[in-house]
Amino acid sequence: MKKYSAFAIAREALRHHTGWQRAWRDAQPKKRYDAIIIGAGGHGLATAYYLGKNFGITNVAILEKGWLGGGNTGRNTTIIRSNYLQDPSAAIYEKSRSLYETMSQDLNYNVMFSPRGVIMLAQTHHEVRGYQRTAHANMLQGVTTEFIGPEKVKELVPIININGPRYPVLGGLWQARGGTARHDAVAWGYARACSDMGMDVIQKCEVTGIRSENGKVVGVSTNRGDIDCDKLGMVVAGHSGHLADMAGFRLPIESVSLQALVSEPIKPCMDVVVMANTVHGYMSQSDKGEMVIGGGTDGYNNYTQRGSFHHIEETVRALIETFPMVSRLKMLRQWGGIVDVTGDRSPILSKTPVEGVFINCGWGTGGFKAIPGSGWAMAELIAKGRSPLTDAFGLNRFQEGRFIDESVAAGVAH
Amino acid sequence: MLILTCPNCGVTAEETEFHAGGEAHLTRFGPGASDDDFENYLFMRDNPKGVHFERWRHVYGCGKWFHAARDTVTLEIFGTYTAQTSTPPQNIIDKISDRRPDWQPPQKQ
Ligand SMILES: Cc1cc2nc3c(=O)[nH]c(=O)nc-3n(C[C@H](O)[C@H](O)[C@H](O)COP(=O)(O)OP(=O)(O)OC[C@H]3O[C@@H](n4cnc5c(N)ncnc54)[C@H](O)[C@@H]3O)c2cc1C
Ligand SMILES: [Zn+2]
């Protein structure tokens, strides 16, 4: 693989861009792999990448039924933060956030990580107490966050109305090194690095069955034939229940639609990410100038990648109160993604009842930020059978009552 | 936007008049149950890609609960029926089989 660099751009400019290579090979499935990862979203690709990079396991295929990053990885609002309340969450999300800091260099691919800062607004006294508690927890966890007052919020976000009639801004939880990244680039960068290590990234390859013998996995069936493997990672977000059903077990997961929308591009007006959880809305401005807006999920199970219109209405209505300028914006596009929501709103990184099958799911409405950390931890779990980062996120926690209750920090928006 | 008919009061309305209540026909377990049964009842869900039996409440109408059979991929609603049953009634099963000849009624967990 040729490296991308300033020199490469200059060289290609001089020869009419004839020397660029494919970023990844269009691989055909082999008969057998040491490990197969189902799902080429960010989490699946990152898992494969760290299997190779940290554990030298490179006889790996990543099978994707559609196109690379066409699931939630290419549909999210790209907020990255690690200001969670519970220790196991802080550990994996902060690992992830810190990996984002150097991801462009590691992958030699510009993922446009922009640590512009994230504010979570406190708009009720309950939220003020909640976020102060989180700020204290973060201090103990070594995650740098700060509770700031309304004047500081106004200084950071001049377009905000802090004296709204229903929900005045009473302060906010500020993480200065949170931010955003280019979601497609994260998938593409990992795919390119995986392909470079000799792994097969296989698109348009849908897993239709999971084959096991005596309780141990032996391979998968796909629309492109049977493929054997020793170890299998299911990393399919909203489709986890469907895949688990093929393998013969159930999950504490429901798949629902989460929507987002973007406005017409406007001049730079907001250079941080703002989340308003009480009113169910969050917003940032993309490099193209579009206001990127996300809201709440539908209440019913859904696999259609579109949601109900009234959620858009509710989100925008809520944002107008806090950002009056939104009322004059035209919205350009709206879409949905199928998010996998668990009983305690925390992810599952776990062994499963089928030996050799590992599952990574349940990131729900907030797993973009977790891609590198989750891949790092999942690779260790698959390679060694255990990872300190995943210990608390096992499937058994539901039976044992050891929930990682992040619904305060993570129930709605990310 | 879903359009549902409440079998309790007969009103047909769009989904904002209703509230989704999750998977239907769960067998409830209480004290004395095995850990597996209790976990299954509280947390584990079928979450099918296709036919789903679910609970709804007519919150902004008569206020009562009912059941619906719906396809999670096409959003087609096969029918709604009373909440006073622990299995889908035969007429609903027949309607689904009409529309989805390959579909198998679920085994009770
Ligand atoms: C509107 C919206 C906004 C969001 N905003 C944020 C945010 O601001 N910050 C944040 O951190 N998170 C956010 N999220 C959540 C985040 O997008 C997800 O948690 C994350 O992208 C999940 O990544 P993944 O790799 O697990 O899943 P996906 O990217 O969905 O990848 C799973 C892949 O598996 C494939 N697959 C499924 N079934 C099969 C099969 N049978 N065979 C082969 N392949 C299969 C799918 O095609 C898909 O490509 C948002 C989500 C949505 C929908
Ligand atoms: Zn009614």
Side-chain angles (χ1 to χ4, degrees), chain A residues 65 206-208 236-246 248-257 296-314 336 338-346 348 352-353 361-362 364 394-403, chain B residues 1-4 13-27 29 33-60 65-78 80 102-104 106-109:
Chain A
K65 77 179 161 85
E206 175 165 6
V207 172
T208 51
V236 293
H239 283 76
S240 298
H242 189 52
L243 265 294
D245 189 44
M246 291 179 199
F249 58 92
R250 298 215 300 168
L251 289 172
I253 287 206
E254 287 184 292
S255 297
V256 295
S257 169
T297 56
D298 279 329
Y300 54 85
N301 294 22
N302 190 343
Y303 284 87
T304 64
Q305 294 187 326
R306 52 176 204 269
S308 296
F309 177 71
H310 64 96
H311 284 290
I312 298 278
E313 220 175 353
E314 281 158 18
I338 301 307
V339 297
D340 39 337
V341 179
T342 61
D344 64 357
R345 302 298 186 265
S346 284
I348 295 166
T352 69
C361 63
L395 261 175
N396 51 358
R397 75 174 186 270
F398 295 93
Q399 183 155 117
E400 293 166 4
R402 287 184 296 98
F403 309 117
Chain B
M1 187 66 71
L2 305 178
I3 308 224
L4 294 153
E14 50 105 333
E15 72 183 69
T16 53
E17 194 161 310
F18 301 91
H19 186 83
E23 187 172 326
H25 309 310
L26 297 174
T27 308
F29 288 92
S34 74
D35 286 352
D36 280 345
D37 285 343
F38 199 58
E39 182 194 24
N40 257 311
Y41 149 53
L42 272 186
F43 298 107
M44 297 301 180
R45 296 295 177 259
D46 283 345
N47 197 19
K49 194 174 172 183
V51 178
H52 190 227
F53 298 99
E54 55 197 20
R55 300 163 73 230
W56 284 84
R57 191 176 161 226
H58 193 186
V59 261
Y60 300 114
W65 285 95
F66 61 92
H67 285 143
R70 186 175 60 86
D71 190 311
T72 59
V73 178
T74 61
L75 303 189
E76 175 176 0
I77 291 162
F78 302 108
T80 54
D102 296 339
W103 173 78
Q104 298 289 328
Q107 305 296 312
K108 239 2 283 143
Q109 303 278 346

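In what follows, every chain begins at residue 1, and chains take the letters A, B, ... in the order their sequences are listed.
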| message | As an exercise: rank A:R306, A:E400, A:H242 by heavy-atom pairs under 4.5 Å with chain B and give me the winner. | response | A:H242
| What pairs with A:R397 under side-chain contact (heavy atoms from CB on, under 4.5 Å), at least two apart in sequence or on another chain? | A:T342, A:D344, A:S346, A:I348, A:F393, A:R402, A:I404
| said: Please check this pair: side chain of B:T80 against backbone of B:H67, looking for a donor-acceptor N/O pair closer than 3.5 Å. | reply: no
| field | A:Y300/B:F18 aromatic ring centres below 6.0 Å | value | no
| said: With a 4.5 angstrom heavy-atom cut-off, is it the side chain or the backbone of B:E15 that approaches chain A, or both, or neither? | reply: side chain
| Side chain of B:N47, backbone of A:S255: donor and acceptor closer than 3.5 Å? | yes
| request: Answer with side chain, backbone, both or neither: which region of A:N302 has an atom nearer than 4.5 Å to a non-hydrogen atom of chain B? | output: both
| said: Going by side-chain contact (heavy atoms from CB on, under 4.5 Å), name the residues that satisfy it together with B:E54, two or more places apart in sequence or in a different chain. | reply: B:H52, B:W56, B:A68, B:R70
| request: Measure A:I253 against the heavy atoms of chain B and call it side chain, backbone, both or neither at under 4.5 Å. | output: both
| At a heavy-atom separation under 4.5 Å, does B:D36 approach chain A through its side chain, its backbone, both, or neither? | both
